Amino acid sequence: MAKQHESNSKKDFIREIVADDILSGKHETAVTRFPPEPNGYLHIGHAKSICLNFGIAQEHSNSGARCHLRFDDTNPAKEETEYVEAIKEDIRWLGFDWKEHLYFASDYFDQLHAWAVHLISEGKAYVDDLNAAEIREYRGSLTEPGKESPYRERDVEENLALFERMKLGDFTDGEKVLRAKIDMAHANLNLRDPVLYRILHKKHHRTGDLWCIYPTYDYAHGQSDAIEGITHSLCTLEFEHHRPLYDWLVNNLPVPLRPRQIEFAKLRPTFFLMSKRRLLEMVREEYVDGWDDPRMATLSGLRRRGYPPAAIRSLCKTVGVTKFNSVTDVALLEHAVREELNKTAQRRMVVMEPIKVSITNWPSDGHVEMMSAVNNPEDSNAGRREIALSGEVFIERSDFMEDPPKKYYRLSPGAEVRLRYSYCIRCEEVIKNDEGDVVELRCTYDPETLGKNPVDRKVRGAVHWVPANEAFEADVRLYDRTFLVEDPAAEDDWRDALNPDALTELTGCKMEPILKNALPGECFQFERNGYFCVDSKYSVPGKPLFNRTVPLRDSWGKKQSK
RNA sequence: UGCCGAAUGGUGUAACGGUAGCACGAGUGACUCUGACUCACUUUGUCUAGGUUCGAAUCCUAGUUCGGCAACCA
């Protein structure tokens, strides 16, 4: 109920149209579809469309709404089964389910062909002998009308025979096309006799060699929608001027219903490159380690990086659905990621760049005390774990400064700091090597400070640590933004905008022993550092590799860098 | 020189003729065994010009700016 109310109070213009259509009785329910072409991997931009289409279906589930997954596989030159499976996995990961409604445009080739014959019979389509260059020339320009093809007035019988021969394979690629007969002078170029079918002697990933003519997107899409009973066909803004053609086809064909196409603005996060072509270049030229590299904007890349699906859904919700061509600040995405991970990720202590601390007044060499640490302060069900403290620990090199600035709450000579979940220690002595590098800190601990603050003084800082003798060592990959500029697509060459520090590899980081058993895909907060996820590609049992998803906010670091 | 669409703080998004609100960001402070989280406060906005109206972000007119469009891609 509360959820229902919430969705009522904040509806975007598309959801309003859908709700109105159901309320008015125009449609009994809503049927939407997500129609990817299986020619590449899904990226974060697709997530918006997925959340919209599947989201609407969920919100109207009480009236039987559904969302289809339809592969728009009308161009065998570009499509592969590999992509079909990857796309399915990504949608499921995002948290959506098409149930039994999995379809392919190629399922409709027979019907689409029959309707093309219908159009020819009605004198609304014709076979054209012009080649691609000639068609372009005849089309005219944005400001000048086109001119009609000399083949435009062929009679129905001839067109029918020719189209049949196209189908039979009598012609080579590009020799002939089927075109709708609309208006070569139309202001909208899409209505200047658009191509409906082209000859492509190519093996299709599903229909094999059965066909050598394939419908174009414009011809196939609306009709596929109609066949499936789609009520609202949602697509991005660049298809706006295709809508008149969409409507023309659906109005001139005996389709079971006329879906309504509605366009919305794409998701465009800053610092991301989303074009399939560019993504492909990044992979092919080995700037990254495959489609699922954590630096990629693909859903599989974000997954490997540790972005929770709930965070991506949350981003889509805050971004909303409008016709305004907006740019989304990555900060919105990162906030959504941190918000989700803060609630769900267990805390662990990991020292990236260690410095040894010896506790000089620790009872004796063999003495060990178990420290109890909260797994997740935001989740009371997450429990606790124990960490063994003995006389030697590692702390972060950056948590010690010999000559600290004001308001430095960490360790420095003579200063006191708390070992998180443990005792307070005071730095008594700094040991350096011959080069003058600090190699060890000799500290004393205050036995009265376990679980309570000292009464006579204030210890402000708490630092993470790892027991020196049983630290687990593992590698960590620090990911940063992949590009240095907000809009890499606007660069002459995206390669120039790559962030050279997008990946920093650390080896032998000191970790709590319990991290040895971390499972691929598991997310953690390394305290005072960031959120990390166990890599699902290169981790092996007992030897996890950690990817940094996003750092924690750092107001101290920000202040220091000013 | 054409057609289509869109304009609300730095960013995203509400307000459906009646108090311009929310989130992010930024800043300040409080709290803190994570300089995290949380909390409080602050900052900044209706593209322009006319018009209709008691009243306009909202309706009308004109302009400006931005985006998209000339694959046998989707």
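These numbers were taken from a predicted model, which means no experiment stands behind them. Chain A is the first sequence line, chain B the second, and so forth, proteins listed ahead of strands; every chain is numbered from 1. Heavy-atom basis, side chains included; hydrogens, waters and symmetry copies ignored.
Atom C1' of B/rC37 sits at a distance of 9 Å from the matching atom of B/rU32, rounded to the whole Å. Taking atom P on both B/rU52 and B/rA57, the two are 16 Å apart, rounded to the nearest angstrom. Spacing of P atoms, B/rC31 relative to B/rG35, comes out at 15 Å, to the nearest Å. Taking atom P in both B/rC24 and B/rC39, the straight-line distance is 9 Å, to the nearest Å. Spacing of C1' atoms, B/rG51 relative to B/rC3, comes out at 28 Å, to the nearest Å.
Rounded to a whole Å, the NZ atom of A/Lys317 is 14 Å from the C1' atom of B/rA14. With rounding to whole Å, A/Arg268 atom CZ is found 13 Å from B/rG12 atom C1'. For the pair A/Lys266 NZ and B/rC66 C1', the interatomic distance rounds to 16 Å; values are reported in whole Å. For the pair A/Asn190 CG and B/rC69 C1', the computed distance is 7 Å after rounding to whole Å. As rounded to whole Å, 9 Å separates atom P of B/rG12 from atom CG of A/Leu332. Distance CD (A/Glu238) to C1' (B/rC73): 12 Å, rounded to an integer number of Å. Between the CZ atom of A/Phe13 and the C1' atom of B/rA15 there is a distance of 17 Å, given to the nearest Å.
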Generate the contact string for nucleotides 31-39 of chain B. Rules: B means base contact, S means sugar-phosphate contact only, - means no protein heavy atom under 4.0 Å. -BBBBSS--

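Side-chain nitrogen and oxygen atoms of A/Thr322 include at least one within less than 4.0 Å of the OP1 or OP2 phosphate oxygen of B/rU13. OP1 or OP2 of B/rA74 has not a single side-chain nitrogen or oxygen of A/Thr216 nearer than 4.0 Å.
Side chain of A/Leu189, nearest nucleotide from B/rA14, B/rA70, B/rA74: B/rA70. Comparing B/rC16, B/rC72, B/rA74 against the side chain of A/Tyr217 picks out B/rA74 as the nearest. Distances from the side chain of A/Arg136 to the nucleotides B/rA70, B/rG12, B/rC73 place B/rA70 closest.
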Quick one: which protein N/O atoms are closer than 3.5 Å to N/O atoms of nucleotides 3-6 of chain B? Pair and distance per line, please.
{"residue": "B/rG5", "atom": "O2'", "partner": "A/Glu240", "partner atom": "OE2", "Å": "3.2"}

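Among the heavy atoms of the strands, none lies under 4.0 Å from A/Leu200. A/Tyr197 comes within contact range of no nucleotide atom at all, as no heavy-atom separation falls under 4.0 Å. Note on A/Val327: only backbone sugar-phosphate atoms sit closer than 4.0 angstrom, heavy atoms only; bases stay farther off. Looking at heavy-atom distances under 4.0 Å, A/Ala132 makes contact with a base. Within the nucleic acid shown, A/Leu130 comes within 4.0 Å of at least one base atom, counting heavy atoms only.
Counting heavy atoms from C-beta outward, A/His232 and A/Ile14 have side chains that stay 4.5 Å or more apart. The side-chain heavy atoms of A/Tyr531 and A/Phe524, taken from C-beta on, include no pair separated by under 4.5 Å.
Residue A/Lys124 places its NZ atom among more than 12 non-hydrogen atoms of other residues, nucleotides or ligands, all under 6.0 Å distant.
The stretch residues 169-186 of chain A touches RNA chain B through A/Gly174, A/Val177, each having a heavy atom within less than 4.0 Å of the strand.
In this structure, A/Arg385 pairs ionically with A/Glu512, as a charged nitrogen and a carboxylate oxygen lie closer than 4.0 Å. Between A/Arg420 and A/Glu527 there is a salt bridge, since at least one side-chain N of the basic residue sits less than 4.0 Å from a carboxylate O of the acidic one.
With sequence neighbours excluded, no residue forms a side chain to side chain donor-acceptor pair (under 3.5 Å) with A/His335.
Applying side-chain hydrogen bond (donor to acceptor under 3.5 Å, both in side chains) to A/Tyr41 and the options A/Lys276, A/Glu82, A/His46 leaves one that passes, A/Glu82. When A/His113, A/Glu228, A/Arg70 are each tested for a side-chain hydrogen bond (donor to acceptor under 3.5 Å, both in side chains) with A/Tyr108, only one passes: A/Glu228.
A donor-acceptor contact under 3.5 Å is formed by the side chain of A/Glu16 with the base of B/rC16.
Stem analysis of RNA chain B (at least three stacked-register Watson-Crick or G-U pairs, each with both distances under 3.5 Å) gives B:2-7 with B:64-69, B:10-13 with B:21-24, B:26-30 with B:38-42, B:47-51 with B:59-63.
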Please assess A/Arg165 against A/Phe171 for the test side chain to side chain contact (heavy atoms under 4.5 Å, CB included), listing each intermediate value before the final yes or no. CA-CA 7 Å; A/Arg165 289 184 57 201; A/Phe171 307 113; 3.6 Å; yes

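Sorted by first and then second residue, the salt bridge (Lys or Arg N to Asp or Glu O under 4.0 Å) pairs involving residues 189-207 of chain A (not counting sequence neighbours) are A/Asp107-A/Arg206, A/Arg152-A/Asp193, A/Lys203-A/Asp209.
Note: A/Phe104 and A/Phe71 have parallel aromatic rings, judged against thresholds of 30 and 60 degrees for the angle between ring planes.
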